[in-house]
Amino acid sequence: ARWTNWMAEPQAQAELLLPAGSVSKAAIAFAYGADAVYVGAAGFSMRPDAVSFGPAELEAVVMLAHSLTKRLYVCVNSMLFDDDITQLRQWVDATRGIAFDAIIVSDAGAFSTIRSMRDDVELHVSTQAGCANVESALFWQTAGADRVILAREASLAQTASICDALTIPVEAFVHGAMCTAISGRCLLSAHMTGRSGNRGDCKHSCRWDYQLVEAKR
C-alpha cells in the first residue's frame with residue numbers, strides 16, 4: 001500500500017493507493033476503500049508479466065475505476081534499454097486512447113518519451129528513481145513531473161522536508177515488498193538465475209533457504 005499526502009493544498013486529503021494484478025483484484029481493492037489502484041504495463045513494469053496488463057486489460061480496468069469515481073495509475077517502471085524505448089513508443093501509440101489518471105515512470109528516457117507523445121496524462125516519478133532529497137525532488141518537479149514517489153529509504157523527517165519544498169504531491173510507501181534492496185533495486189536474482197527483478201522477473205533469491213558452509217572444511 002502507498003499513502004499519498006497532497007501537501008500542496010490546504011487541508012490536504014490523503015490518498016490510499018493499492019496494487020492490483022488483475023481487473024478482479026482491482027475491483028476488490030476499490031471495494032475495500034482504495035482511492036486509486038496501480039497496475040503494471042506488460043513488458044515495462046517491475047511487476048511480472050503474469051500479473052501485468054496488456055492494452056485491452058488496461059482499458060477495462062480504467063473503465064472500472066472511472067465508473068466508481070476512482071483513479072487508475074499504470075506503471076512503466078522497469079529498467080529500460082535502447083530497444084525498450086522503441087517498444088515503449090509503440091506502447092504509447094497503442095494505448096493513446098486510454099484515459100490513464102497517471103503513468104508511473106522511473107527512467108528519465110521513458111519520462112521524456114512519454115511526455116513528448118502524451119501531454120494529456122500525469123507522470124508520476126517512481127520510487128525506483130531513488131528520490132530521497134529536496135534537490136532531486138525539485139529537479140523532477142521542474143522537469144514536469146506531476147507527483148514524486150519517494151525512495152523507500154526516506155525517513156519521516158526527510159519526507160516532511162521534501163513535502164515542504166515542493167508544490168506538487170509527494171507519495172510515500174507505507175508497505176511494500178520486503179526485499180533487501182536499495183530503492184527496490186537488487187541484482188541478486190539476476191546474478192544467480194539470470195532473471196532480473198529490475199525487469200519485473202525477480203525469482204526472490206533472497207527468500208530461498210540457505211546453509212552457510214566454510215569453503216575449506
Side-chain angles (χ1 to χ4, degrees), residues 1-6 13-80 88 91-92 94-95 98-107 110-111 113-115 118 120-131 140 145-152 154 159 168-179 181 183-185 197-202:
R2 294 169 175 172
W3 191 259
T4 304
N5 196 0
W6 298 77
Q13 297 294 315
E15 175 189 69
L16 182 63
L17 173 58
L18 301 177
S22 66
V23 176
S24 61
K25 289 179 180 178
I28 292 170
F30 290 137
Y32 276 85
D35 301 301
V37 157
Y38 67 96
V39 301
F44 303 103
S45 168
M46 291 286 291
R47 301 177 69 77
D49 280 349
V51 293
S52 294
F53 288 60
E57 293 172 301
L58 287 171
E59 186 169 16
V61 75
V62 167
M63 291 178 63
L64 169 67
H66 292 174
S67 72
L68 299 170
T69 321
K70 306 285 189 175
R71 292 178 290 277
L72 193 286
Y73 309 144
V74 58
C75 294
V76 178
N77 62 346
S78 65
M79 182 178 289
L80 301 179
L88 178 62
W91 179 86
V92 174
T95 59
I98 303 177
F100 304 124
D101 292 286
I103 300 177
I104 300 173
V105 184
S106 61
D107 178 78
F111 184 99
T113 298
I114 296 170
R115 177 55 78 217
R118 285 198 68 170
D120 62 315
V121 64
E122 288 192 6
L123 292 185
H124 297 180
V125 177
S126 170
T127 187
Q128 296 299 121
C131 181
W140 284 112
D146 297 285
R147 182 187 300 187
V148 173
I149 306 167
L150 299 184
R152 281 168 273 186
T159 299
I168 59 174
V170 173
E171 180 178 323
F173 269 82
V174 173
H175 180 70
M178 302 302 290
C179 55
S183 294
R185 293 203 181 278
N198 301 318
R199 302 274 290 172
D201 197 20
C202 182

| request: Please report the shortest heavy-atom distance between Ile168 and Ala145, naming the atom on each side. | output: CD1-O, 3.5 Å
| message | Looking at every non-hydrogen atom in both residues, tell me the closest pair between Cys202 and Gly197 and how far apart they are. | response | CB-CA, 3.6 Å
| Is there a donor-acceptor pair closer than 3.5 Å between any side-chain N or O of Ser45 and the backbone N or O of Val76? | no
| field | Closest approach of Ser78 to Gly43 (non-hydrogen atoms, all atoms of both residues) | value | OG-O, 4.4 Å
| query | To the nearest 0.5 Å, how far apart are CG in Leu68 and CE in Met63? | reply | 11.5 Å
| task | Give the minimum heavy-atom separation between Ser52 and Ala41, together with the two atoms involved. | result | CB-C, 4.1 Å
| request: Please round to the nearest 0.5 Å and tell me the distance separating atom CG of Leu17 and atom NZ of Lys70. | output: 12.0 Å
| query | Is the backbone of Leu64 close enough, under 3.5 Å, to the side chain of Ser67 for a donor and an acceptor to pair up by distance? | reply | yes
| field | Steps toward side-chain contact (heavy atoms from CB on, under 4.5 Å) verdict (Phe100, Arg118) | value | CA-CA 11 Å; Phe100 304 124; Arg118 285 198 68 170; 3.7 Å; yes
| message | Test your reading of the model: is there a side-chain donor-acceptor pair from Glu59 to the backbone of Ala56, 3.5 Å cut-off? | response | no
| request: Any chance you could measure Cys75, atom SG, to His124, atom NE2, to the nearest 0.5 Å? | output: 11.0 Å
| said: Among residues at least two apart in sequence or on other chains, which ones pass side-chain contact (heavy atoms from CB on, under 4.5 Å) with Asp101? | reply: His66, Arg71, Leu72, Tyr73
| said: In the structure I gave you, are the side-chain heavy atoms of Trp91 and Leu58 within less than 4.5 Å of one another anywhere? | reply: yes
| At their closest point, which heavy atom of Ala20 faces which heavy atom of Val39, and how far apart are they? | O-CG1, 3.6 Å
| request: Hey, could you give me each pair passing side chain to side chain donor-acceptor pair (under 3.5 Å) that has a residue in residues 24-33? Not counting sequence neighbours. | output: Ser22-Ser24
| field | Contacts of type side-chain contact (heavy atoms from CB on, under 4.5 Å), residue Arg115, not counting sequence neighbours | value | Leu123, Asp146
| message | Could you walk me through whether Val61 and Phe53 satisfy the side-chain contact (heavy atoms from CB on, under 4.5 Å) test, starting with their C-alpha distance in whole Å, then the side-chain angles of each, then the deciding distance to 0.1 Å, before giving a yes or no? | response | CA-CA 9 Å; Val61 75; Phe53 288 60; 4.0 Å; yes
| said: Can you give me the closest heavy-atom contact between Val23 and Ala60, atom names plus distance? | reply: CG2-CB, 4.4 Å
| query | Residues two or more places apart in sequence or in another chain: which of them pass ring pair (Phe, Tyr, Trp, His ring centres under 6.0 Å) with Phe111? | reply | Trp140
| message | Tell me whether Arg199 contacts the main-chain N or O of Met79 through its side chain, where contact means a donor paired with an acceptor under 3.5 Å. | response | yes
| task | Can you measure from CD1 (Ile114) to CD1 (Ile103) and round to the nearest 0.5 angstrom? | result | 4.5 Å
| Excluding sequence neighbours, so at least two apart, what forms side-chain contact (heavy atoms from CB on, under 4.5 Å) with Ala29? | Leu18, Ala34, Val37
| message | Would you compute the distance between atom CG of Leu88 and atom CG of Leu80 and round it to the nearest 0.5 angstrom? | response | 6.5 Å
| remark: Across all chains, not counting sequence neighbours, the side-chain contact (heavy atoms from CB on, under 4.5 Å) partners of Ser106 are Asn77, Ser126, Gln128
